[in-house]
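Working notes for the structure below.
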Amino acid sequence: MKPFDWVTGYPSLRMPMFGRNCVATSHALAAQAGIQMLQAGGNAVDAAIATAAAKTVTEPCSNGLGSDAFCILWDGKALHGLNASGGAPAAWSRDYFLQKYGAAERPPMRGWDSVTVPGAVAAWAALSERFGRLPFADLMQPAIRIAERGYLAPVVVQQKWAAAARIEAITRQPGFSEFFLPRGRAPDVGELVTFPGAEKTLRLIGETKGEAFYRGEIAEAIAAHARANGGAMTAADLAAFRPEWVTPTAKDYHGYTLHEIPPNGQGIAAQIALGLLEQFDLGGLPVDGPESQHLQIEAMKLAFSDTYRYVADPRGMEVTPEAMLDPAYLAERAKLIDRNRAQVFGPGKPPAGGTIYLTAADESGMMVSFIQSNFMGFGSGVVLPGWGISLQNRGYGFVLDAESPNVVAPGKRPFHTIIPGFLTKDGAPVMSFGVMGGNMQPQGHVQTLVRMIDHGQNPQAACDAPRWRVNEGLDINVEAAMPGATLERLKALGHQLEVIEDSYQDFGAGQFIWRMGDPAVEGYVAASDPRRDGQAVVW
């Protein structure tokens, strides 16, 4: 890799931050919650859990106590992955939805019939039990204080909150308006926001190490609310859930290795794209030039074509992740890329065989990449009265096509968009990172890694640089800051571009912690993305 260029070259209000203990996420109060745990003698896992709990309060338009979660962490010696995405209720089947809703392509987008078992709280408990240092109840205290005392609504959160308040499919869901629109509207920027009920829930979660959420008082309340509002979720569905420790998938790229959580998530799309791009010399091309951007866009489209066709709960997949990442297969697929025109790709045939992100690192060398989400903004829209639990709508990730590997079934996990990332070199940790925003996430992984690895841009510059986003067919969103000559050339190649001025909705945001040698001596560099009020706090 080229040495980092510490002059960003892009308009930005942020500079890289250096420290031996770091927390980065998209709300300052949540990042401070993590730093408080480090100052109290905790480690990066303690910091990540406290930050994640605080995020359920400070950014409710993206996640909540009813979220799912994934994590990749370096414990100082080895890499571990945690899949805390919940499965479908036992009553869910293809016939369940067809009989209830008639002809449909997938489960509904909102309401109880979009809710799978929430996994985030179980993720916190599992991480704490295996790797944490502080008492679990202590990790909930910052979030409890924020919920009780309140905070002032920030700009981006308020914009997303107000947008959801205009969607009837959300506001008509049981409990939503009472909890999130108590004044009959979304809060204004700078208005005090409190979450009555959530502090009680967080306290009980802390006292029981999450047990009350799955096998206690909270679980019974969730099941009763589902029963009263036409949902299928039961106390038995919640009690049966356990997060799964997994081995992250790995893909080498120009001397580094990108690690992602294996399916049911879409992280493999980033690895496929890098495997395709490895066939080209991106480092020899101008970083913001049309040739490099075109190759990355085409590789991303190819990666998505296979990801959307094959990725599902591993128990239902037709091919293995290893087959999808087979070097010979990717080399053949890369030959489909034409340097002189944009294309629409179909899936190949591999050989047989609304989200928040945070990252934390400490001076012992532990690094945590953690992501949790309610999916589409406020998720299902369902909120548990008296408890402040807003529930995700991950069930919408299933389909009702009986031939699809992602067809809904009891206990099955749906296709997931949220993906934490982790980078190593020669088996040693290098970077904990992630990007928020639906299918932008693997695209953000690819673009930022190319910028850092192939072009030597520092993490903050990679955050600030203009991005593109693949949609469907030839449609591409591009940030207005992309050089004009690059935009014109991409159009000439056949890309159908929409240039976006207000970019945070379309291009997500990311946080990065890059290890600079031995943490005890040199520490880390942390970067956050201003597109989503990103914050990095070091200590």
message = Is it true that Asn264 and Asn83 share a donor-acceptor pair across their side chains at a distance under 3.5 Å?
response = yes
request  = Name all residues meeting the salt bridge (charged side-chain N to carboxylate O under 4.0 Å, His left out) criterion together with Glu278; count only those two or more places apart in sequence or in a different chain, and write none if there are none.
outcome  = Lys251
query = Is a salt bridge present between Glu472 and Lys301, judged by a nitrogen-to-oxygen distance below 4.0 Å?
reply = no
query = Would you call Asp288 and Arg451 a salt bridge, using N to O less than 4.0 angstrom?
reply = yes
query = Which of parallel (below 30°), tilted (30 to 60°) and perpendicular (above 60°) describes Phe18 and Trp6?
reply = tilted
Show every donor-acceptor pair shorter than 3.5 Å between a side-chain atom in residues 517-525 and any protein atom, with sequence neighbours excluded, or say none if there are none.
residue	atom	partner	partner atom	Å
Asp518	OD1	Ala520	N	3.0
Tyr524	OH	Asp362	O	2.7

request  = Name all residues meeting the salt bridge (charged side-chain N to carboxylate O under 4.0 Å, His left out) criterion together with Lys77; count only those two or more places apart in sequence or in a different chain, and write none if there are none.
outcome  = none
request  = Output all residues satisfying salt bridge (charged side-chain N to carboxylate O under 4.0 Å, His left out) with Asp281, sequence neighbours left out; order by chain, then residue number.
outcome  = none
ask   = If we ignore angles and hydrogens, is there a donor and acceptor under 3.5 Å between the side chains of Ser26 and Lys55?
value = yes
task = Considering only NZ, NE, NH1 and NH2 on the basic side and carboxylate oxygens on the acidic side, decide whether Asp306 and Arg309 come within less than 4.0 Å.
result = no
Partner residues of Asp326 under the salt bridge (charged side-chain N to carboxylate O under 4.0 Å, His left out) criterion, sequence neighbours left out = none
ask   = Cationic tip of Arg106 within the cone over Phe398's six-membered ring, i.e. under 6.0 Å and within 45° of the normal?
value = no
remark   = Here the ring-ring contact (aromatic ring centres under 6.0 Å, His included) pairs for residues 467-496, sequence neighbours left out, are His294-His495
